[in-house]
Amino acid sequence: MRKPIIAGNWKMNKTISETLELIEALKAPKFDEGVEVVLAVPFTSLSEAKKALEGTGIKLAAQNMHWEEQGAFTGEISPLMLKEIGVDYCIIGHSERRQYFNESDERVNKKVKSALKHKIRPIVCVGETLEEREGGQAEKIVKEQVLKALEGIDKGDIEEIVIAYEPIWAIGTGKTASSDDANNMCRLIREVIGNKYDDTTKEKIRIQYGGSVKPSNIKELMEKEEIDGALVGGASLVAEDFIKIVNY
Ligand code: PGA
(Lines give C-alpha, C1' and ligand atoms only; values in the text may rest on other atoms or scores of the structure.)
Protein backbone atom coordinates (compact mmCIF):
# COMPACT_ATOMS: atom_id res chain seq x y z
CA MET A 1 0.00 0.00 0.00
CA ARG A 2 1.32 3.39 -0.99
CA LYS A 3 0.71 6.08 1.60
CA PRO A 4 -0.97 9.12 0.03
CA ILE A 5 1.23 12.23 0.01
CA ILE A 6 -0.15 15.73 -0.30
CA ALA A 7 2.36 18.56 -0.58
CA GLY A 8 1.76 22.29 -0.54
CA ASN A 9 4.08 24.19 -2.87
CA TRP A 10 4.06 27.75 -1.58
CA LYS A 11 6.31 28.98 -4.42
CA MET A 12 7.61 32.54 -3.88
CA ASN A 13 5.01 33.40 -1.27
CA LYS A 14 5.12 34.13 2.46
CA THR A 15 7.69 35.98 4.53
CA ILE A 16 8.89 34.33 7.73
CA SER A 17 6.15 35.88 9.85
CA GLU A 18 3.51 34.97 7.27
CA THR A 19 4.87 31.42 7.18
CA LEU A 20 4.43 31.10 10.93
CA GLU A 21 0.88 32.44 10.71
CA LEU A 22 -0.10 29.93 8.04
CA ILE A 23 1.53 27.03 9.91
CA GLU A 24 -0.37 28.07 13.05
CA ALA A 25 -3.63 27.93 11.11
CA LEU A 26 -2.74 24.51 9.71
CA LYS A 27 -1.80 23.12 13.12
CA ALA A 28 -5.15 23.77 14.74
CA PRO A 29 -7.20 21.00 13.08
CA LYS A 30 -6.34 17.35 12.91
CA PHE A 31 -5.06 16.19 9.58
CA ASP A 32 -6.04 12.72 8.48
CA GLU A 33 -3.27 10.47 9.79
CA GLY A 34 -3.42 8.28 6.74
CA VAL A 35 -1.99 11.06 4.60
CA GLU A 36 1.61 12.27 4.58
CA VAL A 37 1.52 16.07 4.59
CA VAL A 38 4.45 18.12 3.27
CA LEU A 39 4.96 21.88 3.12
CA ALA A 40 7.41 23.31 0.58
CA VAL A 41 8.12 26.80 1.92
CA PRO A 42 10.61 29.41 0.63
CA PHE A 43 14.27 28.96 1.62
CA THR A 44 14.14 31.94 4.00
CA SER A 45 11.32 30.35 6.00
CA LEU A 46 12.73 26.82 6.27
CA SER A 47 14.47 27.14 9.66
CA GLU A 48 11.54 28.77 11.40
CA ALA A 49 9.08 26.44 9.73
CA LYS A 50 11.08 23.45 10.95
CA LYS A 51 10.74 24.64 14.56
CA ALA A 52 7.07 25.49 14.16
CA LEU A 53 6.29 22.06 12.69
CA GLU A 54 7.96 20.11 15.49
CA GLY A 55 5.65 17.46 16.89
CA THR A 56 3.00 17.96 14.18
CA GLY A 57 4.07 15.13 11.91
CA ILE A 58 3.99 17.55 8.97
CA LYS A 59 7.10 17.19 6.79
CA LEU A 60 9.20 20.03 5.43
CA ALA A 61 10.37 20.53 1.85
CA ALA A 62 12.59 22.94 -0.02
CA GLN A 63 11.53 24.04 -3.50
CA ASN A 64 14.91 23.63 -5.18
CA MET A 65 18.58 22.91 -4.40
CA HIS A 66 21.97 22.88 -6.10
CA TRP A 67 23.64 19.53 -6.63
CA GLU A 68 27.04 20.57 -5.27
CA GLU A 69 27.73 20.61 -1.54
CA GLN A 70 29.49 23.99 -1.61
CA GLY A 71 31.44 26.31 -3.84
CA ALA A 72 31.35 29.41 -6.01
CA PHE A 73 27.66 29.31 -7.00
CA THR A 74 26.35 32.71 -5.95
CA GLY A 75 22.76 32.65 -4.83
CA GLU A 76 22.44 28.88 -4.68
CA ILE A 77 21.53 26.62 -1.75
CA SER A 78 23.30 23.31 -1.19
CA PRO A 79 21.98 19.97 0.08
CA LEU A 80 24.21 20.27 3.17
CA MET A 81 22.49 23.55 4.08
CA LEU A 82 19.07 21.94 3.70
CA LYS A 83 20.11 18.85 5.60
CA GLU A 84 21.28 20.88 8.59
CA ILE A 85 17.86 22.51 8.82
CA GLY A 86 16.24 19.07 8.79
CA VAL A 87 14.47 19.30 5.46
CA ASP A 88 12.76 16.00 4.53
CA TYR A 89 11.93 16.58 0.86
CA CYS A 90 13.00 18.82 -2.01
CA ILE A 91 10.95 19.65 -5.10
CA ILE A 92 13.17 19.15 -8.13
CA GLY A 93 12.53 20.20 -11.72
CA HIS A 94 9.31 22.14 -11.15
CA SER A 95 8.04 23.40 -14.50
CA GLU A 96 8.49 27.01 -13.39
CA ARG A 97 12.18 26.30 -12.84
CA ARG A 98 12.41 24.51 -16.17
CA GLN A 99 10.62 27.40 -17.89
CA TYR A 100 12.17 30.48 -16.21
CA PHE A 101 15.52 29.25 -14.89
CA ASN A 102 16.87 26.93 -17.59
CA GLU A 103 16.45 23.80 -15.51
CA SER A 104 17.37 21.04 -17.95
CA ASP A 105 16.72 17.31 -17.63
CA GLU A 106 20.44 16.90 -17.05
CA ARG A 107 20.41 19.29 -14.09
CA VAL A 108 17.28 17.65 -12.73
CA ASN A 109 19.11 14.32 -12.81
CA LYS A 110 22.15 15.76 -11.00
CA LYS A 111 19.91 17.25 -8.33
CA VAL A 112 17.97 14.01 -7.84
CA LYS A 113 21.23 12.09 -7.36
CA SER A 114 22.59 14.67 -4.95
CA ALA A 115 19.37 14.80 -2.94
CA LEU A 116 19.35 11.00 -2.57
CA LYS A 117 22.99 11.04 -1.52
CA HIS A 118 22.13 13.51 1.25
CA LYS A 119 18.99 11.65 2.33
CA ILE A 120 16.67 14.38 1.11
CA ARG A 121 13.70 12.83 -0.69
CA PRO A 122 13.17 14.29 -4.16
CA ILE A 123 9.74 15.25 -5.47
CA VAL A 124 10.51 15.19 -9.17
CA CYS A 125 8.17 17.20 -11.39
CA VAL A 126 7.38 16.26 -14.97
CA GLY A 127 4.69 17.44 -17.37
CA GLU A 128 3.91 18.60 -20.86
CA THR A 129 2.99 22.02 -22.28
CA LEU A 130 -0.36 22.67 -23.96
CA GLU A 131 1.35 22.72 -27.34
CA GLU A 132 2.91 19.32 -26.69
CA ARG A 133 -0.42 17.90 -25.55
CA GLU A 134 -2.27 19.25 -28.57
CA GLY A 135 0.47 17.93 -30.84
CA GLY A 136 0.01 14.43 -29.40
CA GLN A 137 3.46 14.57 -27.79
CA ALA A 138 2.47 14.54 -24.11
CA GLU A 139 3.27 10.90 -23.41
CA LYS A 140 6.57 10.97 -25.25
CA ILE A 141 7.70 14.12 -23.42
CA VAL A 142 6.71 12.87 -19.97
CA LYS A 143 8.34 9.50 -20.57
CA GLU A 144 11.57 11.20 -21.63
CA GLN A 145 11.54 13.50 -18.61
CA VAL A 146 11.05 10.57 -16.24
CA LEU A 147 13.79 8.47 -17.82
CA LYS A 148 16.27 11.35 -17.89
CA ALA A 149 15.53 12.31 -14.27
CA LEU A 150 16.13 8.73 -13.16
CA GLU A 151 19.24 8.06 -15.23
CA GLY A 152 21.81 6.21 -13.13
CA ILE A 153 19.49 5.87 -10.11
CA ASP A 154 19.53 2.48 -8.39
CA LYS A 155 16.40 0.46 -7.89
CA GLY A 156 16.80 0.63 -4.11
CA ASP A 157 16.49 4.42 -4.17
CA ILE A 158 13.27 4.57 -6.15
CA GLU A 159 11.09 4.24 -3.07
CA GLU A 160 12.59 7.47 -1.75
CA ILE A 161 11.44 9.38 -4.81
CA VAL A 162 8.04 10.92 -5.44
CA ILE A 163 7.10 11.85 -8.98
CA ALA A 164 4.69 14.72 -9.54
CA TYR A 165 2.89 14.75 -12.87
CA GLU A 166 1.98 18.36 -13.51
CA PRO A 167 0.71 19.27 -16.96
CA ILE A 168 2.00 22.81 -17.43
CA TRP A 169 -1.27 24.03 -18.93
CA ALA A 170 -3.04 23.11 -15.69
CA ILE A 171 -0.71 24.95 -13.31
CA GLY A 172 -2.18 28.11 -11.84
CA THR A 173 -4.74 28.31 -14.65
CA GLY A 174 -7.77 26.87 -12.89
CA LYS A 175 -7.84 24.15 -15.57
CA THR A 176 -7.39 20.70 -14.09
CA ALA A 177 -6.60 17.66 -16.18
CA SER A 178 -9.59 15.33 -16.12
CA SER A 179 -9.14 12.69 -13.46
CA ASP A 180 -9.00 10.06 -16.21
CA ASP A 181 -6.27 11.89 -18.15
CA ALA A 182 -4.29 12.43 -14.95
CA ASN A 183 -4.70 8.78 -14.01
CA ASN A 184 -3.64 7.61 -17.48
CA MET A 185 -0.46 9.66 -17.39
CA CYS A 186 0.34 8.44 -13.86
CA ARG A 187 -0.17 4.89 -15.11
CA LEU A 188 2.20 5.53 -18.02
CA ILE A 189 4.82 6.86 -15.59
CA ARG A 190 4.42 3.74 -13.47
CA GLU A 191 4.86 1.57 -16.57
CA VAL A 192 8.03 3.45 -17.49
CA ILE A 193 9.39 2.72 -14.00
CA GLY A 194 8.30 -0.92 -14.32
CA ASN A 195 10.13 -1.32 -17.63
CA LYS A 196 13.27 0.35 -16.34
CA TYR A 197 13.33 -1.49 -13.00
CA ASP A 198 10.75 -4.16 -12.19
CA ASP A 199 7.15 -4.72 -11.07
CA THR A 200 7.88 -4.46 -7.34
CA THR A 201 9.60 -1.11 -7.82
CA LYS A 202 6.78 0.21 -9.99
CA GLU A 203 4.26 -0.60 -7.27
CA LYS A 204 6.30 1.21 -4.65
CA ILE A 205 6.86 4.60 -6.24
CA ARG A 206 4.37 7.30 -5.33
CA ILE A 207 3.03 9.50 -8.10
CA GLN A 208 1.25 12.78 -7.44
CA TYR A 209 -0.91 14.87 -9.70
CA GLY A 210 -0.48 18.66 -9.67
CA GLY A 211 -2.19 21.52 -11.47
CA SER A 212 -5.12 23.51 -10.06
CA VAL A 213 -5.88 20.97 -7.34
CA LYS A 214 -8.60 22.36 -5.08
CA PRO A 215 -11.08 21.13 -2.46
CA SER A 216 -13.68 20.53 -5.18
CA ASN A 217 -11.59 18.17 -7.32
CA ILE A 218 -9.25 16.39 -4.88
CA LYS A 219 -11.61 13.55 -4.02
CA GLU A 220 -12.17 12.52 -7.61
CA LEU A 221 -8.43 12.63 -8.32
CA MET A 222 -7.52 10.62 -5.22
CA GLU A 223 -10.08 7.96 -6.07
CA LYS A 224 -8.05 7.07 -9.13
CA GLU A 225 -5.92 4.00 -8.82
CA GLU A 226 -2.62 5.43 -10.03
CA ILE A 227 -2.77 8.80 -8.26
CA ASP A 228 -1.10 8.67 -4.85
CA GLY A 229 -1.29 12.29 -3.90
CA ALA A 230 -1.19 15.90 -5.00
CA LEU A 231 1.22 18.78 -5.36
CA VAL A 232 -0.85 21.83 -4.55
CA GLY A 233 0.15 25.40 -5.42
CA GLY A 234 -2.39 28.21 -5.04
CA ALA A 235 -4.81 26.33 -2.80
CA SER A 236 -2.03 25.47 -0.33
CA LEU A 237 -1.74 29.16 0.61
CA VAL A 238 -5.26 29.22 2.05
CA ALA A 239 -5.36 27.20 5.28
CA GLU A 240 -9.01 26.30 4.99
CA ASP A 241 -8.59 24.97 1.44
CA PHE A 242 -5.42 23.03 2.15
CA ILE A 243 -7.02 21.37 5.18
CA LYS A 244 -10.00 20.33 3.06
CA ILE A 245 -7.64 18.96 0.42
CA VAL A 246 -5.63 16.88 2.91
CA ASN A 247 -8.80 15.58 4.56
CA TYR A 248 -10.42 14.78 1.22
P1 PGA B 1 -1.37 25.19 -8.77
O2 PGA B 1 0.19 24.86 -8.79
O3 PGA B 1 -2.00 24.25 -7.79
O4 PGA B 1 -1.47 26.63 -8.34
O5 PGA B 1 -1.89 24.97 -10.15
C6 PGA B 1 0.67 23.55 -8.73
C7 PGA B 1 2.19 23.53 -8.78
O8 PGA B 1 2.76 24.34 -9.52
O9 PGA B 1 2.84 22.73 -8.08
Side-chain angles (χ1 to χ4, degrees), residues 4-14 18-19 22 26 35-43 45-46 49 58-65 87-103 108 111-112 115 120-130 132-133 138 141-142 145-146 149 161-179 181-183 185-186 189 206-222 224 227-248:
I5 175 166
I6 296 188
N9 174 13
W10 291 9
K11 308 192 179 183
M12 197 176 71
N13 293 290
K14 305 290 176 192
E18 289 166 348
T19 297
L22 182 48
L26 293 173
V35 177
E36 184 172 359
V37 182
V38 183
L39 298 181
V41 309
F43 285 132
S45 292
L46 283 170
I58 299 173
K59 307 272 175 62
L60 186 64
Q63 299 173 11
N64 180 34
M65 56 171 256
V87 161
D88 306 287
Y89 286 89
C90 184
I91 297 176
I92 293 177
H94 189 278
S95 62
E96 285 149 18
R97 295 216 58 86
R98 293 180 190 255
Q99 199 178 345
Y100 307 131
F101 304 100
N102 296 322
E103 187 104 316
V108 169
K111 291 180 181 193
V112 172
I120 296 169
R121 304 179 73 176
I123 300 177
V124 184
C125 302
V126 296
E128 80 284 359
T129 61
L130 186 58
E132 287 160 350
R133 173 151 288 254
I141 294 287
V142 168
Q145 287 175 341
V146 171
I161 299 175
V162 175
I163 294 189
Y165 166 58
E166 300 202 303
I168 294 169
W169 47 271
I171 296 179
T173 57
K175 286 186 207 152
T176 323
S178 75
S179 55
D181 283 349
N183 191 51
M185 194 62 94
C186 292
I189 294 170
R206 290 183 296 175
I207 306 175
Q208 298 174 311
Y209 166 78
S212 298
V213 172
K214 27 188 188 253
S216 59
N217 58 25
I218 184 72
K219 190 162 183 291
E220 188 184 340
L221 289 161
M222 292 304 288
K224 294 289 172 190
I227 302 177
D228 303 316
L231 186 54
V232 187
S236 72
L237 295 169
V238 182
E240 203 190 338
D241 286 353
F242 192 62
I243 292 161
K244 282 188 192 148
I245 289 172
V246 172
N247 294 338
Y248 64 91

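Side chains are part of it too, since the values below use all heavy atoms of this structure and drop only hydrogens, waters and symmetry mates. For ligands, and for the atoms within them, numbers begin at 1 and follow the listed sequence.
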**Prompt:** Near Gly234, which atoms of ligand 1 are under 4.0 Å from a heavy atom of that residue?
**Reply:** 1 (P), 3 (O), 4 (O)
**His94 neighbourhood, listing ligand 1 atoms whose heavy-atom distance to it stays under 4.0 Å** = 7 (C), 8 (O), 9 (O)
**Message:** Geometry only, no angles: is Gly210 polar-contacting ligand 1 at N/O separations under 3.5 Å?
**Reply:** no
**Item:** Nearest option to atom 5 (O) of ligand 1, as decided by whichever heavy atom of Cys125, Gly233, Gly172, Ser95 sits closest
**Value:** Gly172
**Request:** Give the numbers and elements of all ligand 1 atoms closer than 4.0 Å to a heavy atom of Asn9.
**Result:** 9 (O)
**Item:** Contact atoms of ligand 1, heavy-atom distance to Gly211 under 4.0 Å
**Value:** 5 (O)
**Asked** Under 3.5 Å, N or O to N or O, is Ser212 touching ligand 1 that way?
**Response** yes
**Request:** Specify side chain, backbone, both or neither for Ile171, according to which of its non-hydrogen atoms lie closer than 4.0 Å to ligand 1.
**Result:** both
**Message:** Using every non-hydrogen atom in the two residues, find where Met65 and Cys90 come nearest and quote the distance to one decimal.
**Reply:** CG-SG, 3.6 Å
**Message:** Under the side-chain contact (heavy atoms from CB on, under 4.5 Å) test against Cys186, which residue among Ile163, Asp228, Ile207 passes?
**Reply:** Ile207
**Message:** Show the atoms of ligand 1 that are less than 4.0 angstrom away from any heavy atom in Ala170.
**Reply:** 5 (O)
**Complete:** Here the pair of heavy atoms bringing Val38 nearest to Ala61 is CG1-CB, 3.6 Å
**Request:** Identify, with sequence neighbours excluded, every residue that meets salt bridge (charged side-chain N to carboxylate O under 4.0 Å, His left out) alongside Arg133.
**Result:** Glu128, Asp181
**Request:** Check if Lys214 has a non-hydrogen atom at a distance under 4.0 Å from any atom of ligand 1.
**Result:** no
**Asked** With atoms numbered from 1 as shown, which atoms in ligand 1 lie under 4.0 angstrom from a non-hydrogen atom of Glu166?
**Response** 6 (C), 7 (C), 8 (O), 9 (O)
**Counterpart residues, salt bridge (charged side-chain N to carboxylate O under 4.0 Å, His left out), relative to Lys14 (two or more places apart)** = none
**Prompt:** If you take all heavy atoms of Ile120 and Tyr89, which pair is closest and at what distance?
**Reply:** CG2-C, 3.7 Å
**Asked** Which of these, Ile91, Val213, Ile171, Val162, sits in a side-chain contact (heavy atoms from CB on, under 4.5 Å) with Leu231?
**Response** Ile91
**Request:** Scan side-chain atoms only and decide if His94 and Glu166 contain a donor-acceptor pair under the 3.5 Å cut-off.
**Result:** yes
